[in-house]
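Working notes, beginning with the structure itself.
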Amino acid sequence: MEKNAKPYVIAGPCSVESRQQLREASLQLSAIHGVRMIRAGVWKPRTRPGGFEGLGEPALQWMQEVGRELGVSYCCEVAIPEHVDLCRQYGIATVWIGARTTANPFMVEELCYALGGSGMAVLVKNPVCPDVRLWLGAIERLQQAGIADIMAIHRGFSMYDNQGYRNAPLWEVAMELRRERPDIPILCDPSHIGGRRELVAPLAQTAMLLDYDGLMIESHPHPDDAWTDGQQQLSPDQLASLLAALPSPSGNAAAGNPGLEQLRHQIDSIDHELVRLLGQRMAVSRSMAALKRQFKMSVYQRDRWDDVVSDRLKYAAEAGLDAGFTKELLEKIHAESVRVQMEDRAQEA
Ligand code: PEP
Ligand code: MN
């Protein structure tokens, strides 16, 4: 995969439905500037049984034939070793591991075994649950199996409350993966995050503003007639408009701009001040720990903590800060304060 030109766009139907649908989609999508590869689901194990579950081997044969005819490359999901073997047989050089599979290290291990030595490129979707270690683990297993060409795909997480999306984006979880593995390019799949057509473009925009390397977007020549995920697929025209309207990922192009530099200086000094104040706050916690120890008080005082939170939330509202963010921040600070005070008690023991 040539990963340098951003965004790396993979587009295509959720599922292969017929030779004609595959050809029509491929013809239209490969003509769109920026589309580098066509996705097309061949095996579709649905969350619940009874739906359309993919056409299997005949779809792969069409992909091989149409790919040769039009000069396009395809990728599809693999979930069991037999899928990998069939992809190899039909010349599919890029596959992805789906969200349900990434969540299962047994299956990832089986796939690694089948993929080892194949030279295939592998895209790793995040696991359905927001556990970044499973995502990292799948990437590590693939690397241990000798797979060199790997990218991650952020497709959102299945939560009790998906925040109005099909899968909650939880951008911070993907951010953690990026911090741990800056060497692994990451694509966003706004189709499976959004679940609805109108959410796809804003999510793709967010991903570009967060400096993602690319996008995987579901697109079908006739989305309303799609056999799977019709409500989230874009027509090729809609995809072309989405891509044309994306903010250009120009990296740090404004570096050196005097306005930006000045604002960055402000951020630097505010952060320095924040860190200095946090240090002071923890020093006060230590002094408090000694007093609490002297008076045989417990470290955690629930009523006091409730008062602190409601007081700070009032200040936060005046400062225009988001209440959820403020609460989370306070909880982090409080947890550290409790840890510091416990250290004091441990010394006493
Ligand atoms: C898909 O891309 O069609 C798909 C099933 O994805 P996921 O594994 O993200 O649910
Ligand atoms: Mn789909």
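The structure displayed is predicted, hence computed values, not measured ones. Whatever order the structure lists them in is the order used to number ligands and atoms, beginning at 1.
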**Request:** Taking only heavy atoms of Glu218 into account, list the atoms of ligand 1 that are under 4.0 Å away from them.
**Result:** 3 (O)

**Request:** Give me the ring orientation class for Tyr212 and Trp171: parallel if the planes are under 30° apart, tilted from 30 to 60°, perpendicular past 60°.
**Result:** perpendicular

**Item:** Nearest neighbour of atom 4 (C) of ligand 1 from the list His192, Gln232, Arg166, on a heavy-atom basis
**Value:** His192

**Fill in**
of all protein heavy atoms, closest to atom 8 (O) of ligand 1 is Ala99 N, 2.8 Å

**Message:** Using 0.5 Å steps for rounding, measure from the CE atom of Met120 to the OG1 atom of Thr94.
**Reply:** 8.5 Å

**Request:** Run through Arg286, Arg293, Lys292 and flag the one making a salt bridge (Lys or Arg N to Asp or Glu O under 4.0 Å) with Asp344.
**Result:** Arg293

**Message:** Do Val9 and Leu246 land in one hydrophobic cluster if side-chain heavy atoms of ILVMFWY residues count as linked below 4.5 Å?
**Reply:** yes

**Asked** Got a salt bridge between Asp229 and Arg166, using NZ or NE/NH1/NH2 to carboxylate O under 4.0 Å?
**Response** yes

**Asked** To which protein heavy atom is atom 3 (O) of ligand 1 closest, and what is the distance rounded to 0.1 Å?
**Response** Lys44 NZ, 2.7 Å

**Asked** Starting from atom 9 (O) of ligand 1, which protein heavy atom do you reach first, and at what distance in Å?
**Response** Arg155 NE, 2.6 Å

**Message:** If the cut-off is 4.0 Å to any non-hydrogen atom of Gly98, which atoms of ligand 1 fall inside it?
**Reply:** 8 (O)

**Request:** Decide salt bridge (Lys or Arg N to Asp or Glu O under 4.0 Å) for Glu336 and Lys332; before the verdict, give the C-alpha distance in whole Å, the side-chain angles of both, and the deciding distance to 0.1 Å.
**Result:** CA-CA 6 Å; Glu336 177 61 7; Lys332 280 236 152 57; over 6 Å; no

**Message:** With a 4.5 Å cut-off on side-chain heavy atoms, are Trp96 and Val78 touching?
**Reply:** no

**Message:** Hydrophobic clustering (ILVMFWY, side-chain heavy atoms < 4.5 Å, transitive) - are Met107 and Val42 grouped together?
**Reply:** no

**Asked** If we ignore angles and hydrogens, is there a donor and acceptor under 3.5 Å between the side chains of Tyr90 and Glu57?
**Response** yes

**Asked** Nearest to atom 6 (O) of ligand 1, what protein heavy atom do you find, and at what distance?
**Response** Lys125 NZ, 2.9 Å

**Request:** Check if Met216 has a non-hydrogen atom at a distance under 4.0 Å from any atom of ligand 1.
**Result:** no

**Prompt:** Which of the atoms of ligand 1 are close to Arg100, meaning less than 4.0 Å from one of its heavy atoms?
**Reply:** 7 (P), 8 (O), 10 (O)

**Request:** Could you check Glu17, Gln232, Gln233, Gln28 and say which one makes a side-chain hydrogen bond (donor to acceptor under 3.5 Å, both in side chains) with His220?
**Result:** Glu17

**Message:** I need the protein N, O or S atoms closer than 2.8 Å to the Mn ion (ligand 2), given as residue plus atom name.
**Reply:** Cys14 SG, His192 NE2, Glu218 OE2, Asp229 OD2

